[in-house]
Amino acid sequence: MRGREDPARVVKEALGKALTYYYPLAGRIREGPNRKLAVDCTGEGILFIEADADISLEELGDSMRPPCAFVDEVLCDVAGSGGTVGCPLLLAQVTRLKCGGFILGLRLNHTISDSLGLKQFLEAATELARGAPAPSRPPVWRREILYARDPARATCRHAEFEDIVDAGSAAAMLLDPKNMVHRSFFFGPHEMASIKKRLPHQLVSKSSTYELLTACLWKCRTIALEIEPDDVVRLSCTINARGKRGLGVPSGYYGNTSVYATVLSKAGRLCSSPLGYAVDLVRKAKGMVSEEYVRSSIDTLVIKGRPKYTTVWNYVVADSTKVGFEEVDFGWGKPAYGGVAGAFPLISFYVKYKTRKGEEGSWCR
């Protein structure tokens with residue numbers, strides 16, 4: 001344990017050392033033809049902020065869990081730094097607390113890496129902070145393994161990138177923060193048992209917690225939004241493609257490997273059908289993600305010029321329970337909380353969490 005050492009100094013030095021191995025993170029994104037992004041390894045570095053707060057970790061209590069009400073204070077926005085192109089790829093802030101603890105806030109440019117890649121970078125930094133001569137897992141760049149094919153060809157349907165005419169301004173309503181309340185819900189063994197009671201045993205036995213929880217949230221959210229019965233609603237699951245047979249993603253790769261897997265339903269059918277209907281659709285979404293689906297998704301991004309996912313009655317779910325942010329240790333022990341600080345109007349995140357009573361489950365927001 002590091003005791004009275006300055007956490008800002010320790011973390012800053014560790015991040016600096018880790019950047020010598022992950023040097024592209026110190027560069028800047030440039031945009032080429034057809035909105036193609038590339039990294040210019042300029043060595044300009046990342047942004048680092050240190051601050052002090054006259055409050056203890058105990059006093060913060062459960063306010064740390066998302067949605068974090070004070071995120072703007074522990075992760076300050078530096079003017080002109082939040083863009084995709086030409087801006088720092090990572091912003092880190094260490095806020096020292098009066099109890100001797102600290103908060104590490106991070107903002108990542110998602111085009112350079114996904115959550116697993118960020119965790120790998122932090123893992124390297126913590127190892128170096130604790131005296132390791134080098135990271136135990138060498139970083140692998142090799143972005144060419146997930147390049148689009150030549151010629152690019154979309155062989156699967158990608159409903160998440162379809163151009164939808166929004167006659168009813170559904171997207172505008174969902175994206176307006178004034179229309180959407182931001183709340184978190186804890187799902188532990190008791191809550192999951194309640195969901196399982198509403199499903200046939202044979203479906204429960206072959207479904208994961210993610211599938212059951214996502215189906216329940218999608219259905220409840222659709223009911224709450226009072227969407228017209230004949231309107232089509234979408235569920236987009238972000239699926240990690242690491243380990244998919246044929247892709248050849250090596251250990252140590254820290255680029256983006258997530259793709260969207262999207263299923264559709266009429267709102268009326270989703271709301272009126274038993275929960276098992278939604279569970280089957282979630283399972284269908286996960287089952288679509290093969291090597292060919294991933295390749296087709298990459299090619300679609302090139303064909304359409306890096307499109308944004310559709311926002312019309314779409315619900316995006318990202319599971320970060322297995323990323324491991326709660327294991328990040330710079331020498332003071334494991335964090336009281338590790339995970340995303342909040343969510344967005346169209347996106348929910350699942351985060352691993354243990355209550356003060358020791359009950360393990362997921363925070364969903």
**Prompt:** Can you check whether Glu327's main-chain N or O pairs, donor with acceptor, with Lys119's side chain at less than 3.5 Å?
**Reply:** no
**Flag if over 12 foreign heavy atoms under 6.0 Å of OH, Tyr309** = yes
**Message:** Ignoring hydrogens, what is the shortest heavy-atom contact between Gln120 and Gly252? Give both atom names and the distance.
**Reply:** NE2-O, 2.7 Å
**Item:** Pairing of Asp52 and Arg96 as salt bridge, 4.0 angstrom limit
**Value:** yes
**Request:** Check whether the side chains of Ser297 and Tyr260 place a donor and an acceptor atom closer than 3.5 Å, and report yes or no.
**Result:** no
**Message:** Under a 3.5 Å distance rule, please check whether Ser236 uses its side chain to pair with a backbone N or O of Val316 as donor and acceptor.
**Reply:** no
**Prompt:** Judged by atom type as modelled, is there a donor-acceptor pair below 3.5 Å linking the side chain of Gln93 to the main-chain atoms of Ala51?
**Reply:** no
**Fill in**
Between the NZ atom in Lys219 and the OG atom in Ser272, the distance rounded to the nearest 0.5 Å is 7.5 Å
**Polar contact flag, side-chain donor to acceptor under 3.5 angstrom, Asp319-Thr321** = yes
**Within one Ile-Leu-Val-Met-Phe-Trp-Tyr cluster: Val140 and Ile298, side-chain cutoff 4.5 Å** = no
**Item:** Face-on cation placement of Arg283 at Tyr277 ring, 6.0 Å and 45° thresholds
**Value:** no
**Request:** Please answer whether the main-chain N or O of Gly305 pairs with a side-chain N or O of Arg35 as donor and acceptor at a distance below 3.5 Å.
**Result:** yes
**Message:** Thr84 vs Asn109, test: side-chain contact (heavy atoms from CB on, under 4.5 Å). Steps then yes/no.
**Reply:** CA-CA 7 Å; Thr84 298; Asn109 185 326; 4.2 Å; yes
**Asked** Does atom CD of Glu73 have more than 12 heavy-atom neighbours from other groups under 6.0 Å away?
**Response** no
**Complete:** Of all heavy-atom pairs linking Val351 and Gly338, the shortest is CG1-O, 3.9 Å
**Request:** Kindly confirm or rule out a cation-pi arrangement of Arg143 over Tyr253, judged by NZ or CZ under 6.0 Å from the six-membered ring centre and within 45° of its axis?
**Result:** yes
**Prompt:** Going by atom types only, do Thr257 and Arg242 share a side-chain donor-acceptor pair under 3.5 Å?
**Reply:** yes
**Item:** Separation between CE of Met192 and OG1 of Thr209, rounded to the nearest 0.5 Å
**Value:** 5.0 Å
**Request:** For side chain to side chain donor-acceptor pair (under 3.5 Å), just list the numbers for Thr214 and Tyr315, CA-CA rounded to whole Å, side-chain angles, deciding distance to a tenth of an Å, and then say yes or no.
**Result:** CA-CA 10 Å; Thr214 300; Tyr315 180 43; over 6 Å; no
**Asked** Do any N or O atoms from the side chain of Glu127 and from the backbone of Ser136 form a donor-acceptor pair under 3.5 angstrom?
**Response** yes
**Asked** What's the spacing between Leu281 CG and Leu264 CG if we round to 0.5 Å?
**Response** 9.0 Å
**Considering all heavy atoms, the nearest Val282-Glu211 contact** = CG1-CA, 3.8 Å
**Message:** Between Glu162 and Arg157, does any NZ, NE, NH1 or NH2 come within less than 4.0 Å of an OD or OE carboxylate oxygen?
**Reply:** yes
**Message:** For the CG atom of Leu90 and the CG atom of Leu25, what is their distance to the nearest 0.5 Å?
**Reply:** 6.5 Å
**Prompt:** Do Trp363 and Phe187 pass the side-chain contact (heavy atoms from CB on, under 4.5 Å) test, and can you show the C-alpha distance, the side-chain angles, and the key distance before you say yes or no?
**Reply:** CA-CA 6 Å; Trp363 273 110; Phe187 287 85; over 6 Å; no
**Prompt:** Is it true that Val233 and Val263 fall in one hydrophobic cluster, defined by side-chain heavy atoms closer than 4.5 Å?
**Reply:** yes
**Message:** Within the structure provided, determine whether Ser265 and Trp218 are in side-chain contact (heavy-atom separation under 4.5 Å).
**Reply:** yes
**Stepwise side-chain contact (heavy atoms from CB on, under 4.5 Å) check, Leu217 with Tyr350** = CA-CA 11 Å; Leu217 292 178; Tyr350 301 163; 3.6 Å; yes
**Asked** If you count the non-hydrogen atoms of other residues, nucleotides and ligands that lie under 6.0 Å from CD in Glu291, is the total more than 12?
**Response** yes
**Request:** Indicate whether any N or O donor in one side chain lies under 3.5 Å from an N or O acceptor in the other, for Tyr210 and Ser362.
**Result:** no
**Asked** Can you check whether Val302's main-chain N or O pairs, donor with acceptor, with Asn34's side chain at less than 3.5 Å?
**Response** yes
**Prompt:** How many angstroms lie between atom OG of Ser258 and atom NE2 of His110, to the nearest 0.5 angstrom?
**Reply:** 7.0 Å
**Message:** Could you report the tightest heavy-atom contact between Ser296 and Cys156, atom names first, then the distance?
**Reply:** OG-N, 3.0 Å
**Prompt:** Do the side chain of Thr262 and the main chain of Cys237 share a donor and acceptor less than 3.5 angstrom apart?
**Reply:** no
**Message:** Tell me whether Asp329 contacts the main-chain N or O of Trp332 through its side chain, where contact means a donor paired with an acceptor under 3.5 Å.
**Reply:** yes
**Prompt:** How far apart are the closest heavy atoms of Lys17 and Thr20, and which atoms are they?
**Reply:** O-OG1, 2.5 Å
**Message:** Counting only heavy atoms not in Lys322 (residues, nucleotides, ligands), do more than 12 fall under 6.0 Å from its NZ?
**Reply:** no
**Asked** Looking only at heavy atoms, which two atoms of Ser56 and Cys99 are closest? And how far apart?
**Response** CB-CB, 3.7 Å
**Asked** Can you tell me if CZ on Arg198 sees more than 12 non-hydrogen neighbours from other groups inside 6.0 Å?
**Response** no
**Request:** Please work out which of the three classes, parallel, tilted or perpendicular, describes the rings of Phe121 and Tyr22, given edges at 30° and 60°.
**Result:** perpendicular
**Asked** Which value, rounded to the nearest 0.5 Å, describes the distance between Leu212 atom CG and Ile195 atom CD1?
**Response** 7.0 Å
**Asked** Is the closest basic N to carboxylate O distance between Glu292 and Arg149 below 4.0 Å?
**Response** yes
**Prompt:** Passes side-chain contact (heavy atoms from CB on, under 4.5 Å), Leu203 versus Asp280? Steps please.
**Reply:** CA-CA 9 Å; Leu203 187 56; Asp280 285 336; 3.5 Å; yes
**Asked** Do the side chains of Ile49 and Phe330 join up, straight or via other hydrophobic residues, at under 4.5 Å, putting them in one cluster?
**Response** no
**Prompt:** Ser81 and Arg107: side chain to side chain donor-acceptor pair (under 3.5 Å), yes or no, with the steps?
**Reply:** CA-CA 10 Å; Ser81 70; Arg107 185 187 70 194; 2.8 Å; yes
**Asked** Does Arg30 CZ have over 12 foreign heavy atoms under 6.0 Å away?
**Response** yes
**Prompt:** Does Lys196 reach the main-chain N or O of Val204 with its side chain, forming a donor-acceptor pair under 3.5 Å?
**Reply:** no
**Check ion pair Lys12-Glu50 (N to O, under 4.0 angstrom)** = no
**Asked** Are Val74 and Leu47 co-members of a hydrophobic cluster defined by side-chain heavy atoms under 4.5 Å apart?
**Response** no
**Prompt:** Any chain of hydrophobic side-chain contacts (each under 4.5 Å) joining Leu104 to Val78?
**Reply:** no
